[in-house]
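In what follows, chains are A, B, ... by sequence order, proteins preceding strands, each numbered from 1. Since we're looking at a predicted model, the values are computed, not measured.
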Amino acid sequence: MSTFKLRVKINDVSLEREVTRIVGEEWVITGQERELFSYPAFLPLKVTPPLVVLPGSEEEVIEIVKLFKSKRTKYLIRGAGTSLSGSTTPTQGEVVISLNRLNKVFYTQGLEITVGPGIANLHIGKFIDSDVFYAPDPSSYVVSSIGGNISHDSGGMHTPKYGTTFNSVVSLRVLLPDGSVEDLNGRNLDPLPLFVGSEGTLGIILRATLRLFPKPGISRTLLAAFDNVEDAGKAVVEIYKVGVTPASLEFMDKPSIIAVENTQYKANYPEAEAILLIELDGNSIQVEEEMRRSKLAISKCNGRFYEPTSEEEKTRWWIGRKGAFPSFAYYSPSYLTLDANVPRSSLPKILEFTYAIGRKYSLPVANCFHAGDGTLHPLIGFNSEDRENTINAIKAAEEITYYALTLGGVPSGEHGIGIEKLKFMPVYYSSEDIEVMRRIKESFDPEFILNPCKLIPPKEKECIAVGEIHKHLMEVD
Amino acid sequence: MEVEKLISMCTHCGFCLETCPTFSVTRNEVHSPRGRIEAIRSKIESYGLQTCMFCRLCETACPAGVKYGQIVLPFRKRNVKQSLFLRSLESPRATYLLLKGSQKISLKEAQRFKEFTKGLKVERQIEGEDDEPEIVLFPGCLEGVLFRETVEKALNFLRKRYKVKIINGCCGLAHFSAGNIEKAKELASRLGTIKKPIVTLQSNCAAHMKEYKELFGLEVEVFDFAEFLIRKGVDLPRKEGKVTIHYPCNAYRKGLTKYVVEVIKKMGINVREMEDPQFECGSGGDYWITHPEMSDKVREIKKTKIEKSGVNTVISTNSVCSLSILRSGFKPLHVADLL
Ligand SMILES: Cc1cc2nc3c(=O)[nH]c(=O)nc-3n(C[C@H](O)[C@H](O)[C@H](O)COP(=O)(O)OP(=O)(O)OC[C@H]3O[C@@H](n4cnc5c(N)ncnc54)[C@H](O)[C@@H]3O)c2cc1C
Ligand code: SF4
Ligand code: SF4
């Protein structure tokens with residue numbers, strides 16, 4: 001592969017002119033407003049893109065991509081900009097193509113819906129029959145786009161039973177960096193699976209056909225409260241051991257509960273050091289039996305269980321969990337969200353470790369996560385205005401992720417690698433694995449112009465480090 | 001709290017984007033709450049700051065409790081046209097004269113006014129008071145001139161139970177939204193001296209007046225009309241019919257729209273919920289005059305959402321919302337119209 005060279009001139013006037021010809025003046029951002037696209041929800045690093053384009057149709061996107069290919073212009077795709085791993089931060093001077101306007105619903109029938117990538121996850125529900133639902137539900141579902149969900153293979157509370165976004169993708173229409181359009185359905189050697197979770201590095205999703213599930217007959221909620229996180233961690237394992245597959249199984253520790261109770265998400269949870277919020281769904285006989293077994297499992301691990309006394313209480317409990325991340329603002333408005341995935345049996349160990357790290361760096365730490373699939377979400381607060389404090393937070397996050405890996409975990413269960421977790425790739429994957437990834441990238445994007453320097457750890461001098469923080473993120477210790 | 005501190009609360013999560021009417025129609029970060037806050041944070045000039053409808057629906061969606069209104073207010077620029085329209089709202093007589101006059105002049109703004117008020121009569125506000133009034137009825141600046149019949153109905157209903165004094169005028173919300181804080185404060189001070197419970201026919205005015213204390217340190221006891229009926233346990237007549245209910249933005253943020261729903265349901269009227277009832281109607285104070293294009297796009301979305309409910313009669317308890325709803329071809333009705 002060729003060595004990295006910065007080819008985009010920041011003030012490439014002819015590029016600007018040609019892009020304007022394609023999408024119209026209103027949809028090209030050239031002035032100071034470019035700054036508004038300088039970072040997603042990953043706060044430590046901001047880089048202003050040379051240009052922002054907001055195409056309004058598939059045809060316009062195709063034309064732009066062909067233009068960029070001919071000019072070897074670097075670019076990246078931005079959905080709703082909620083990535084927590086910095087996968088849309090234009091570190092290499094990429095033009096940002098924002099796909100929010102591609103939010104059409106093309107077709108919906110039975111258990112499938114075909115949509116444009118810019119539609120927010122939340123809106124899918126408005127176009128489908130009331131007896132079916134779209135299962136992937138990242139906490140950011142109110143805003144995150146289907147294109148972003150697919151590219152990060154996002155998961156949510158329903159993951160334990162219904163899988164991540166991967167399990168809900170039927171087919172994709174993708175635009176490759178060479179300007180060709182492919183319809184992929186995952187059969188034979190068709191590379192659909194590669195595009196799910198590829199963080200916008202292989203091609204552009206123009207359309208997606210998604211799988212819908214029939215709504216379960218009934219769904220019931222159970223809350224378990226524990227006097228220590230260890231018992232709660234054990235209960236997670238125990239619930240699976242007794243043969244229950246919950247639709248959701250969420251964990252919240254005391255710092256998370258305190259944060260939630262002090263914000264608009266106030267849920268009035270029972271007093272506890274840790275709680276598990278469990279949803280069981282299916283037909284009534286099965287749910288009754290799962291309920292009985294779950295209660296036994298909770299009692300065995302010294303937990304107390306509660307059932308909501310009203311529909312309102314049930315909703316409040318779940319809204320509280322959904323608000324747990326944003327409520328962390330109670331401690332610190334800026335925070336890093338980790339998402340290492342560990343075997344469920346290691347939960348108590350890693351939780352204790354996160355608190356120890358918080359103490360070591362004097363940073364607030366809270367844990368609330370999808371215990372059902374072992375995806376941890378330690379939240380680490382920091383002051384984004386203070387560089388040293390920011391780097392400390394990043395170091396704290398790294399220590400936790402390394403520890404998760406030693407416990408047999410993976411670096412990212414949900415939020416992706418982006419720029420945030422590049423250095424963990426060589427820890428988790430062998431150099432052969434990484435070489436294979438590079439070859440895959442190369443076969444789709446031989447010029448390395450589409451969202452380069454993300455996901456796959458770059459070779460030395462291949463990518464520009466924009467400032468100290470970015471340098472730290474790319475360095476392999 | 002100073003602006004920087006308020007801004008630092010924003011975690012850039014974007015949860016507010018899809019509630020924002022101007023983001024919904026443009027799908028452009030520049031016209032989104034997150035973009036606007038970011039523009040202020042990074043001290044850049046952004047057109048987005050001018051296109052905000054100041055509905056503050058973003059605040060209802062913000063998980064971090066970011067006070068968008070307080071952050072953006074100092075950066076809202078006033079223009080002359082706004083001042084002219086807003087000035088006319090400051091005195092009941094001027095409101096009447098401007099609206100009456102607008103039917104004849106051919107200015108672009110006046111034309112738009114004509115379009116939106118088609119079929120409505122411009123009348124003088126009702127005035128008057130009972131001896132030793134117990135409550136004040138505050139119809140709101142436009143209601144008394146464009147929907148006089150609604151005011152009459154509300155007045156008659158209330159007078160069967162209370163001694164009432166009518167006060168016409170403006171609560172200052174439109175001025176506040178346009179960034180004219182001094183005038184907003186002056187108008188608030190006029191109403192701030194009222195020591196009796198105030199019942200308003202404008203849900204958004206009720207919401208704004210409930211914030212007088214936080215904003216200007218003025219205390220008034222104010223109720224939205226529907227809120228008053230519920231909180232005072234007033235007996236309601238039974239009615240037949242099918243309606244859908246629009247939630248005026250500020251009232252929704254302040255939790256007042258639940259009373260409107262309760263009143264309608266108590267009367268036995270069949271409610272067909274519209275999609276996202278709190279979605280902006282397109283009016284946004286005087287936005288529909290100052291930003292006709294964006295306003296029309298927002299109104300188009302609202303129209304689709306209302307249409308999906310399959311009902312033509314829309315309960316709207318705020319007069320500018322009613323104008324928008326009327327313009328889209330539906331029949332707006334105030335709660336008071338049903339009494
Ligand atoms: C408060 C908060 C809570 C969150 N909770 C969760 C959670 O519970 N679970 C979870 O998994 N994630 C969560 N996230 C992370 C984030 O919301 C998801 O990763 C989401 O899927 C990103 O979607 P987006 O539209 O914002 O994408 P963006 O951030 O805009 O982009 C993400 C990636 O997708 C690529 N991309 C976007 N659209 C396309 C396209 N059309 N074609 C090709 N590539 C594309 C981008 O290039 C980028 O690499 C959370 C984030 C926040 C801020
Ligand atoms: S006040 Fe309304 S228009 Fe302005 S940013 Fe908030 S939601 Fe958008
Ligand atoms: S204003 Fe609130 S909802 Fe919007 S981006 Fe900021 S923190 Fe998120």
Side-chain angles (χ1 to χ4, degrees), chain A residues 26-27 29 31-43 46 48 52 54 56 78-84 96 98-103 118-123 126 139-145 262-265 322-330 332-335 337 383-385, chain B residues 4-20 23-51 58-67 253 255 273-276 279 293-294 297 301 304-305 308:
Chain A
E26 186 184 354
W27 305 109
I29 298 172
Q32 290 184 321
E33 282 171 336
R34 287 171 300 142
E35 257 191 66
L36 309 183
F37 297 81
S38 60
Y39 67 122
F42 175 69
L43 305 176
K46 300 182 191 182
T48 306
V52 180
L54 296 101
R78 181 172 156 124
T82 67
S83 168
L84 290 166
V96 169
S98 165
L99 289 190
N100 279 316
R101 293 177 66 212
L102 265 59
N103 63 342
I119 190 171
N121 179 314
L122 159 86
H123 293 313
K126 293 182 177 161
S139 312
S140 58
Y141 79 106
V142 292
V143 55
S144 58
S145 71
N262 279 288
T263 61
Q264 69 191 87
Y265 295 101
K322 287 209 166 116
F325 276 22
S327 302
F328 192 78
Y330 172 70
S332 161
S334 305
Y335 56 90
T337 314
N383 175 3
S384 59
E385 304 294 314
Chain B
E4 269 102 64
K5 193 88 184 260
L6 292 171
I7 291 177
S8 76
M9 298 290 292
C10 171
T11 59
H12 217 250
C13 68
F15 280 28
C16 49
L17 262 61
E18 295 285 340
T19 61
C20 173
F23 177 78
S24 296
V25 299
T26 60
R27 313 292 298 163
N28 183 350
E29 185 83 19
V30 170
H31 305 286
S32 80
R34 181 175 62 180
R36 288 169 179 135
I37 292 175
E38 191 55 34
I40 296 172
R41 180 171 4 219
S42 42
K43 301 189 173 57
I44 61 167
E45 291 274 332
S46 172
Y47 179 48
L49 288 168
Q50 290 175 46
T51 58
C58 44
E59 290 183 26
T60 66
C62 176
V66 170
K67 299 202 157 145
R253 180 172 50 78
E273 196 169 316
M274 68 172 81
E275 189 179 285
D276 304 326
F279 188 85
E293 268 176 39
M294 189 79 93
K297 283 185 193 155
I301 298 194
T304 320
K305 290 182 188 291
K308 276 194 200 165

Max heavy-atom pairs within cutoff under 4.5 Å with chain B, candidates A/Tyr265, A/Tyr335, A/Tyr330, A/Tyr39, goes to A/Tyr39
- Task: Check the pair B/Thr19 / A/Val142 against side-chain contact (heavy atoms from CB on, under 4.5 Å), numbers first and verdict last.
- Result: CA-CA 9 Å; B/Thr19 61; A/Val142 292; over 6 Å; no
Distance col, row B/Ile44:CD1 vs A/Leu36:CG, nearest 0.5 angstrom, shows 4.5 Å
Side-chain contact, heavy-atom cut-off 4.5 Å: A/Ile29 with B/Asn28?
yes
Does the A/Gln32 side chain pair with the main chain of B/Glu45, one donor and one acceptor, at a distance under 3.5 Å? yes
Heavy atoms of A/Pro333 and B/Ser8 approach each other most closely as CB-O, 2.8 Å
Honestly, the part of A/Lys322 sitting under 4.5 Å from a heavy atom of chain B is neither
Per-residue tally against chain A (heavy atom, under 4.5 Å) across B/Glu38, B/Arg36, B/Arg41 peaks at B/Glu38
Most contact-rich option vs chain B, by heavy-atom pairs under 4.5 angstrom, among A/Lys126, A/Glu385, A/Glu35, is A/Lys126
Correct closest heavy-atom pair for A/Gln264 and B/Ala64 would be OE1-N, 4.5 Å
Heavy-atom nearest pair, A/Arg101 first then B/Thr26, reads CG-O, 3.8 Å
Using a 3.5 Å distance criterion without hydrogens, assess whether the side chain of B/Arg27 forms a donor-acceptor pair with backbone atoms of A/Asn103.
no
When the 4.5 angstrom heavy-atom criterion is applied to B/Cys62 and chain A, the contacting part is backbone
So, the part of B/Phe23 with a heavy atom under 4.5 Å from chain A: the answer is side chain
Minimal heavy-atom distance between A/Ser139 and B/Phe15, with the atoms involved, is O-CZ, 3.5 Å
Okay, B/Thr60 and chain A: the region with an atom under 4.5 Å from a heavy atom over there is backbone
OG1 of A/Thr82 to CZ of B/Arg34, rounded to nearest 0.5 Å, is 7.5 Å
Next item on the list: Answer yes or no: are there more than 12 heavy-atom neighbours, outside B/Lys305 itself, under 6.0 Å from its atom NZ?
Entry: yes
When you measure from the side chain of B/Glu29 to the backbone of A/Phe37, do you find a donor-acceptor pair of N or O atoms at a distance under 3.5 Å? no
Keeping B/His12 on the side-chain end and A/Pro40 on the backbone end, is there a donor-acceptor pair under 3.5 Å?
yes
